[in-house]
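Along the sequence shown, residues are numbered consecutively beginning with 1. In this text, all values refer to a predicted model and were calculated from it rather than measured experimentally. Computed over heavy atoms, backbone and side chain alike; hydrogens, waters and symmetry mates excluded.
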Amino acid sequence: MAGIKDVAAEAGLSVATVSRVLNGHPSVSDDARRRVTEAVARLGYRPNAVARSLRTDQTRTLGLVISDVMNPYFTELARSVEEEARALGYSVIIGNADERPDLQDHHVTTLLDRRIDGLLVSPTDGGSPGMLGAARAGTPMVFVDRWIPGVDVPVVRSDGRAAVRDLVAHLHALGHRRLAIIAGPAATTTGRERVDAFRKALAAHGLELPDAYIGQGDFQAGSGRRVTEGFLDLAEPPEVVFAADNLMALGALDAVRARGLRVPDDIGLAAFDDIPWFVHTDPPVTAIAQPVRDLGRAAVRALVDRIEGRAGESVTLPARLVVRRSCGEAAAAQEPSPSPVRRSTP
């Protein structure tokens, strides 16, 4: 493999001149720049990224630690992050925390050891010691989807409260009164926010949320199935189950079918976090969709701003209700228009 000395010999210039050309130094002549460029092309020379990072203190690499790579929401988020980072000249290394704080810390430590320029994190639980330590030490960082109150880090997320209100109003208009929720972990901001939004939306229609209609899940399909089985065992089961994420909704669907029941004839089902699969289920699932690709792009831009010395902004984007046929809707139901974008501080 050709090195910088080979490029210098091929171009007929000193190593110092070649180094200045490769690092974009303004003092080199156009002729020297041309000769180096041509020599690089002939030799197939590639700069040593590690050595360059030691000189510039930058690797042009971002770390992304997501909560669960098996969740289609986070898979799409990771793809959006990688695309936007590449467009801005950065690479991305991804770590899957699998909803475990210890794995989150492992990935954060490993990524920092590899001299990444900044971190995107969707925190598990209330955070983890390593991740919190990195944030408080001033590591350029952005929280995406979830956040930790009190930690001074920009947050890029969607606000699903209006969409939850739209969902409850929609279910109420269909005649449903007994509505239950499969909640996400109470230690996560998204888990708490979705339950609170659901409870307030019910109250606006004069409905209560009994304890028996709140099932504690963990954003995994198994918990959706377990909680739904408990709902079905009640003397008065709910008319509709609202799963606070897509994997728990799929688990709920499994539980209903395992009993020989049908959605929506025997029980309705709605979900937070729309996924492409929901249009292919029978019936298609009514869901709340987050602007995942926009969230990924906004998160990368906020992190690059912080890396490059600018004040990265928190961004809040609206989620929206997508009406299908899993709650007893007519097949021709229409989707409401999304609300305008809002920006906020964490």
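In this structure, the side chain of Asn71 does not engage the main chain of Leu247 through any donor-acceptor pair within 3.5 Å. Under the 3.5 Å distance criterion, the side-chain polar atoms of Thr189 are matched with a main-chain donor or acceptor of Trp147. Judged by distance alone, with hydrogens and angles left aside, the side-chain atoms of Ser158 form no donor-acceptor pair with the main-chain N or O of Gln290 at under 3.5 Å. For the pair Thr188 (side chain) and Pro185 (backbone), a donor-acceptor distance under 3.5 Å is present. Here the side chain of Ser223 pairs no donor or acceptor atom with the backbone of Gly217 at under 3.5 angstrom. In this structure, Arg306 contributes its side chain and Arg301 its backbone to no donor-acceptor pair below 3.5 Å. Of the possible polar contacts, none joining the Glu10 side chain to the Ala39 backbone as a donor-acceptor pair under 3.5 Å is found. When atom types are taken as modelled, the side chain of Thr228 and the backbone of Gly224 share a donor-acceptor pair closer than 3.5 angstrom. The main-chain N or O of Thr286 is found under 3.5 Å from a side-chain atom of Ser326 such that the two form a donor-acceptor pair. Here the side chain of Arg146 pairs no donor or acceptor atom with the backbone of Val121 at under 3.5 angstrom.
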Verdict with reasoning, Ser91 to Arg86, per side chain to side chain contact (heavy atoms under 4.5 Å, CB included): CA-CA 6 Å; Ser91 298; Arg86 186 171 65 248; over 6 Å; no

Before giving the answer on salt bridge (charged side-chain N to carboxylate O under 4.0 Å, His left out), spell out for Arg297 and Asp294 the whole-Å C-alpha distance, their side-chain angles and the decisive distance to 0.1 Å. CA-CA 5 Å; Arg297 287 191 287 264; Asp294 291 340; 2.4 Å; yes

Salt bridge (charged side-chain N to carboxylate O under 4.0 Å, His left out) assessment of Glu193 paired with Arg157: CA-CA 12 Å; Glu193 183 180 80; Arg157 67 184 185 95; 3.2 Å; yes

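Linking ILVMFWY side-chain heavy atoms closer than 4.5 Å, directly or via other members, places Val304 and Ile94 in a single hydrophobic cluster.
For the atom pair CZ of Arg310 and CG of Asp305, the computed distance is 4.5 Å after rounding to the nearest 0.5 Å. For the atom pair CD1 of Ile182 and CG of Asp245, the computed distance is 9.0 Å after rounding to the nearest 0.5 Å. One finds the CG atom of Leu111 at 6.0 Å from the CD1 atom of Ile93 (value rounded to the nearest 0.5 Å).
Residues Asp68 and Gln220 have side chains that bring a donor and an acceptor to within less than 3.5 angstrom of each other. No side-chain donor-acceptor contact under 3.5 Å links Thr316 and Asp159. Looking only at atom types and distance, the side chain of Thr61 has no donor-acceptor partner in the side chain of Arg114 under 3.5 Å away.
Between Asp98 and Arg100, none of the side-chain N atoms (NZ, or NE/NH1/NH2) sits under 4.0 Å from a carboxylate O, so this pair counts as no salt bridge. We find that Lys200 and Asp196 are joined by a salt bridge, their nearest charged nitrogen and carboxylate oxygen being less than 4.0 Å apart.
When each of Asp274, Asp145, Asp273 is paired with Tyr73, the side-chain hydrogen bond (donor to acceptor under 3.5 Å, both in side chains) condition holds for Asp145 and for no other.
Not counting sequence neighbours, Arg165 has no partner by the salt bridge (Lys or Arg N to Asp or Glu O under 4.0 Å) test. Taking the side-chain hydrogen bond (donor to acceptor under 3.5 Å, both in side chains) definition, one finds that Asp265 meets it with nothing, sequence neighbours left out.
The closest side-chain heavy-atom distance from Leu119 to Val65 is below 4.5 Å.
Between Phe231 and Tyr213, the two ring planes are perpendicular [angle over 60°; tilted spans 30° to 60°].
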